[in-house]
Number of protein chains: 2
Amino acid sequence: MTDSATNTLDAWELEILDLFVGIFETFGLPKSTAMIYGILYCAEEPMLQEEICQKLSISTGSASQGLKLLSTMGAVHKQNVPGQRQSSYKAEYSMRRLLAYVVDAQLRPKLRNGKERLSQIQSEIPKENTHAQQRIHTLMTWQKKADRALPVISTLFGN
Amino acid sequence: MTDSATNTLDAWELEILDLFVGIFETFGLPKSTAMIYGILYCAEEPMLQEEICQKLSISTGSASQGLKLLSTMGAVHKQNVPGQRQSSYKAEYSMRRLLAYVVDAQLRPKLRNGKERLSQIQSEIPKENTHAQQRIHTLMTWQKKADRALPVISTLFGN
DNA sequence: TACAAGTTTCATTTATTTTTGAAATCTTTA
DNA sequence: TAAAGATTTCAAAAATAAATGAAACTTGTA
């Protein structure tokens, strides 16, 4: 039934890969990376990089880079089993933890950066230019709204 | 000071364009589209498509497609002034309304679609395959969490 | 209705992103 | 420490996405 010996995938696994490819696409992440997460999500046991390459028919480079990205995202975990040369990888299944990355590592830095740029721009506009001042001011209120909303968002998906 | 006669942009306008290009990039939207929104955001008066092409040095095709997308997003509004051949465009300044689009037109359909696909997949897996059933089940709980969270998100950015 | 202004469409070009795979690097063990 | 195994890096190739601009289409005007 399951076919862990050969390199073929079950129908339900293919469907789930598709699903993740779609989701990851929304965030602008490459297909190969989505598929790596997907196959690990489906797997019963942690997998080796080599197995991932085989099952998905992707290159060593793709696997290496994809796994690195997924690791820094906290979406997969690298385990070093003593007495085994290769590292093993398993998926993070907690939605809350996955979202924590998106919020903390992606959204927050962008917000902070935006805030700095806005102050910078504002300080460069003469007070007489009320139109420009008004526009910047509106953007700053957007900024503040986002600032207040972010922490609540993680909460919404909590366990 | 402002330079609406020629095609040059003020420093603060360039900065704001950059800012929007960055934000739009996060959502996988093209640079030209971001710039169109940016220039309309900065403008004191509604603009004609032709003026947008000139100010941004983009082609008619880009302007047309970008404006169409922004219109369906509700991010810009097309106004037809009687006695004027060309349509005018102005930016939507309300953050809440902008987010409403992202949530309603993008996120919700994807969620609904995901839900359908999951049920479909589940129905195709034999009950004996407990591993697969378990994985699908977890995804369905993700689904439900997202479902509950979505409506709250729009709220957070309300006026 | 014919003409002209304005806009959209879409095949082609250009730019960007992703993937590959072989060489370089790092790691383990004999 | 040498040799083999595992992983990473990165230049080049392939795939994808965005922008262009001329032709087709639409709409208003004489």
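Chain identifiers are assigned alphabetically (A, B, ...) following the order of the sequence lines, protein sequences preceding nucleic acid strands; residue numbering begins at 1 within each chain. Every value quoted in this text rests on a predicted model; they were computed, and no experiment measured them.
- Residue-level contact check: A:Thr60 touches the bases, meaning some heavy atom is under 4.0 Å from a base atom.
- When each of A:Gly83 and A:Pro30 is assigned the nucleotide of DNA chain C with its nearest heavy atom, A:Pro30 is the one assigned upstream, toward the 5' end.
- Computed from coordinates, the B:Gln54 CD to D:dT20 C1' distance equals 17 Å when rounded to whole Å.
- Distance from the side chain of B:Gln49 is smallest for C:dT8 among the nucleotides C:dT19, C:dT8, D:dA19.
- As rounded to whole Å, 10 Å separates atom C1' of D:dT8 from atom OH of A:Tyr89.
- Picking from D:dG21, C:dG6, C:dT19 the nucleotide with the shortest atom distance to the side chain of B:Gln86 gives C:dG6.
- Surrounding CD of A:Glu45 are at most 12 heavy atoms belonging to other residues, nucleotides or ligands under 6.0 Å away.
- The nearest whole Å value for the distance from the CD atom in A:Gln84 to the P atom in C:dT29 is 11 Å.
- The residue B:Ser62 sits close to a base: some heavy atom pair falls under 4.0 Å.
- In this entry the distance linking NZ of B:Lys68 with C1' of C:dT8 reads 7 Å, nearest Å.
- In this model, the phosphate group of C:dT19 is not approached by any side-chain N or O of A:Ser59 to a distance below 4.0 Å at OP1 or OP2.
- Within a 6.0 Å radius of NE2 in B:His77, more than 12 heavy atoms belonging to other residues, nucleotides or ligands are found.
- In this structure, the side chains of A:Arg135 and A:Leu139 stay at 4.5 Å or more apart for every pair of heavy atoms.
- Annotation: of the two residues near DNA chain D, A:Ser87 and B:Ser57, the 5′-most nearest-nucleotide partner is A:Ser87.
- Hydrophobic cluster membership differs between A:Tyr89 and A:Leu48, with clusters built from Ile, Leu, Val, Met, Phe, Trp and Tyr side chains linked at under 4.5 angstrom.
- The CZ atom of B:Arg85 sits 16 Å away from the C1' atom of C:dT8 (whole-angstrom rounding).
- Base engagement by A:Ser64 is indicated by at least one non-hydrogen atom pair under 4.0 Å involving a base atom.
- A:Leu48 comes within 4.0 angstrom of no nucleic acid atom, judged by non-hydrogen atoms across all strands.
- Among the atoms of the strands shown, none is found under 4.0 Å from any heavy atom of B:Glu50.
- Of the residues near DNA chain C, B:Gln65 and A:Gly28, the one whose nearest nucleotide (by heavy atom distance) lies more toward the 5' end is B:Gln65.
- Atom CG of A:Leu69 is separated from atom C1' of D:dT9 by 16 Å (rounded to the nearest Å).
- The distance from atom CD of A:Glu51 to atom P of D:dG5 is 17 Å, rounded to the nearest whole Å.
- Using modelled atom types, one finds a donor on one side chain and an acceptor on the other under 3.5 Å when comparing B:Gln120 with B:Glu124.
- At the phosphate of D:dA6, neither OP1 nor OP2 sits under 4.0 Å from any side-chain N or O atom of A:Lys78.
- Put simply, CD on A:Gln79 is 17 Å from C1' on D:dA6, counting in whole angstrom units.
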